[in-house]
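What you see below is based on every heavy atom in this structure, not just the backbone, and it leaves out hydrogens, waters and symmetry mates. Computed from a predicted structure; not experimentally measured. Whatever order the structure lists them in is the order used to number ligands and atoms, beginning at 1.
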Amino acid sequence: MKGDRKRILVTGGAGFLGSHLCERLVGDGHDVLCVDNFYTGTRANVARLLKESNFELMRHDVTFPLYVEVDEIYNLACPASPVHYQHDPVQTTKTSVHGAINMLGLAKRLRARILQASTSEVYGDPAVHPQTEAYWGHVNPIGPRSCYDEGKRCAETLFADYRRQHGLVVKIARIFNTYGPRMHPNDGRVVSNFIVQALAGEPLTLYGDGSQTRAFCYVDDLIEGLVRLMESPETCNDPVNLGNPVETSMHEIARRVLRATGSASPIEHRGLPVDDPLQRCPDISRARRLLGWEPAIDLDEGLARTVAYFRDRCGVARPTIRDLDLTPVG
Ligand code: NAD
Ligand code: UDP
Ligand code: UDP
């Protein structure tokens, strides 16, 4: 194995990103404890790992204290898709804030390194473009996205204060839109929605006029960035943007998904959700400089791999579009 064998806690480990991270860390030979309350994640996401002797799964809600013994903590627990985090917004804020306090308290007792899965949503609907870590953001504190955006901002504050006040080694990853296999087919994010719709021969639901932009990172690239950030020197405590700096409009995403699936689905316009950011793209100079990291998988390659996953999954589970609630929020 590479480096020392560590005991690593991954909260939210049965979710989309968490399951890929657990797989990577188990593969690297670490002892991995995956903690999840299965709010949006599933046992099936980590089923393959359950037979590994260096993997353990625990059902637990991070808003309650957790007493375990580990060397490192990746704090990923939190629903990430707007449909899910707006379903129970008070719980979303509790998970971000109480969850961060509990995991930081755990890290403090153990003197463990801790990484926070923060988000590009801390920049809100940005007035600066592309977004550097120095930008403080443009966030509505009382809108439908605020439970997530402000919860994550408060979590960053807590991480910064546990560092200043208690000398913890903290890492803050500001993750931009990430996609890939094991996204929940029903979670309402654009890439999974479009692929599921295209494969079912249903219209692709394009919100607004489709000119709003995001930058999409394939999951394997993102996981590499998270691991490098965790392993970075103790002095590397400032937030780091992790994402693929190729800005793409939602209209273009629809076009690429149609091409990747070979689908003839039409595009159907729907209303733009409240506070939907118009433009978003990371400046990843800091990640390049401090971590030597940048994404290697381009959008078409990543989409092809993701389409292959959903094709297999549809073959087994056969979800129909009518099973899915894909309505925009707001
Ligand atoms: P996900 O919804 O698939 O995973 C989140 C996991 O956290 C799920 O397994 C869920 O059951 C678990 N969880 C939720 N509340 C919990 C609680 N109170 N206690 C224990 N577990 C809980 O989402 P994801 O895309 O894998 O996102 C993982 C993390 O990365 C989140 O913190 C999210 O905010 C962050 N992030 C993701 C993206 C992205 O594009 N995927 C972008 C920015 C930030
Ligand atoms: N905590 C935890 N596991 C631990 C240590 C602490 O879950 O191993 C929780 C504990 O419930 C506490 C929170 O983390 O409420 C913050 O801990 P800290 O020591 O920072 O603050 P205090 O205990 O003084 O509130
Ligand atoms: N979107 C869309 N159709 C969908 C789902 C999302 O046009 O079926 C748009 C959404 O309005 C937003 C973009 O795609 O502008 C990205 O949405 P997602 O929920 O994936 O991520 P986030 O808004 O959190 O960046």
Test of proximity, [X] against ligand 1: N or O pairs below 3.5 Å:
{"X": "Thr63", "value": "no"}
{"X": "Gly15", "value": "yes"}
{"X": "Tyr39", "value": "yes"}
{"X": "Thr119", "value": "no"}
{"X": "Thr42", "value": "no"}
{"X": "Asp36", "value": "yes"}
{"X": "Phe16", "value": "yes"}

Decide, yes or no, whether a salt bridge links [X] with [Y] under the criterion of side-chain N to carboxylate O below 4.0 Å.
{"X": "Asp300", "Y": "Arg256", "answer": "yes"}
{"X": "Asp36", "Y": "Arg43", "answer": "no"}
{"X": "Arg153", "Y": "Asp149", "answer": "no"}
{"X": "Glu23", "Y": "Arg182", "answer": "yes"}

From the options [options], select the one whose nearest heavy atom is closest to [atom].
{"atom": "atom 8 (C) of ligand 1", "options": "Val62, Leu21, Thr40, Thr11", "result": "Thr40"}
{"atom": "atom 27 (O) of ligand 1", "options": "Gly180, Ser19, Ala80", "result": "Ala80"}
{"atom": "atom 1 (N) of ligand 3", "options": "Phe216, Tyr148, Tyr85, Tyr207", "result": "Tyr207"}
{"atom": "atom 13 (N) of ligand 1", "options": "Thr95, Leu76, Leu17, Asn37", "result": "Asn37"}
{"atom": "atom 8 (O) of ligand 3", "options": "Thr213, Val190, Asn193, Val191", "result": "Asn193"}

Protein non-hydrogen atom found under 4.0 Å from atom 22 (P) of ligand 2:
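Looking at atom 22 (P) of ligand 2, one finds that no protein heavy atom lies closer than 4.0 Å.
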Given the protein's heavy atoms, is any one of them under 4.0 Å from atom 25 (O) of ligand 2?
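There is no protein heavy atom less than 4.0 Å from atom 25 (O) of ligand 2.
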[X] neighbourhood, listing ligand 3 atoms whose heavy-atom distance to it stays under 4.0 Å:
{"X": "Arg145", "result": "22 (P), 23 (O), 24 (O)"}
{"X": "Gln212", "result": "9 (C), 11 (O), 15 (O)"}
{"X": "Asp276", "result": "10 (C), 11 (O), 12 (C), 15 (O)"}

Mind checking whether [X] has a heavy atom under 4.0 Å from ligand 1?
{"X": "His184", "answer": "no"}
{"X": "Ala14", "answer": "yes"}
{"X": "Tyr148", "answer": "yes"}
{"X": "Lys152", "answer": "yes"}
{"X": "Arg189", "answer": "yes"}
{"X": "Ser81", "answer": "no"}

Within reach of ligand 3, part of Arg214 (heavy-atom separation under 4.0 Å)
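Arg214 to ligand 3: side-chain contact only, backbone stays beyond 4.0 Å.
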Is it true that [Y] and [X] share a donor-acceptor pair across their side chains at a distance under 3.5 Å?
{"X": "Glu247", "Y": "His129", "answer": "yes"}
{"X": "Arg280", "Y": "Asn177", "answer": "yes"}
{"X": "Asn241", "Y": "Tyr123", "answer": "yes"}
{"X": "Ser118", "Y": "Glu156", "answer": "yes"}
{"X": "Gln197", "Y": "Thr205", "answer": "yes"}

Could you establish whether Pro273 and ligand 3 come within less than 4.0 Å of each other, counting only heavy atoms on the residue side?
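Heavy atoms of Pro273 do come under 4.0 Å of ligand 3.
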Among all protein non-hydrogen atoms, which one is nearest to atom 18 (N) of ligand 1, and what is the separation to 0.1 Å?
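The closest one turns out to be Asp61 OD1, 2.9 Å.
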Should the proximity of His166 to ligand 2, defined as any heavy atom under 4.0 Å, be assigned to the side chain, the backbone, both, or neither?
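Within the 4.0 Å criterion, His166 makes no contact with ligand 2.
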Regarding ligand 2, does Pro65 bring an N or O atom to under 3.5 Å of one of the ligand's N or O atoms?
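Between Pro65 and ligand 2, no N or O pair is found under 3.5 Å apart.
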Distance in Å, Gln91 CD paired with Thr63 OG1, rounded so as to fall on 0.5 Å steps:
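Spacing of CD (Gln91) from OG1 (Thr63) equals 5.5 Å.
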Measure the acute angle between the ring planes of His166 and Tyr162, then classify it against the limits of 30° and 60° as parallel, tilted or perpendicular.
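Correct class here is tilted.
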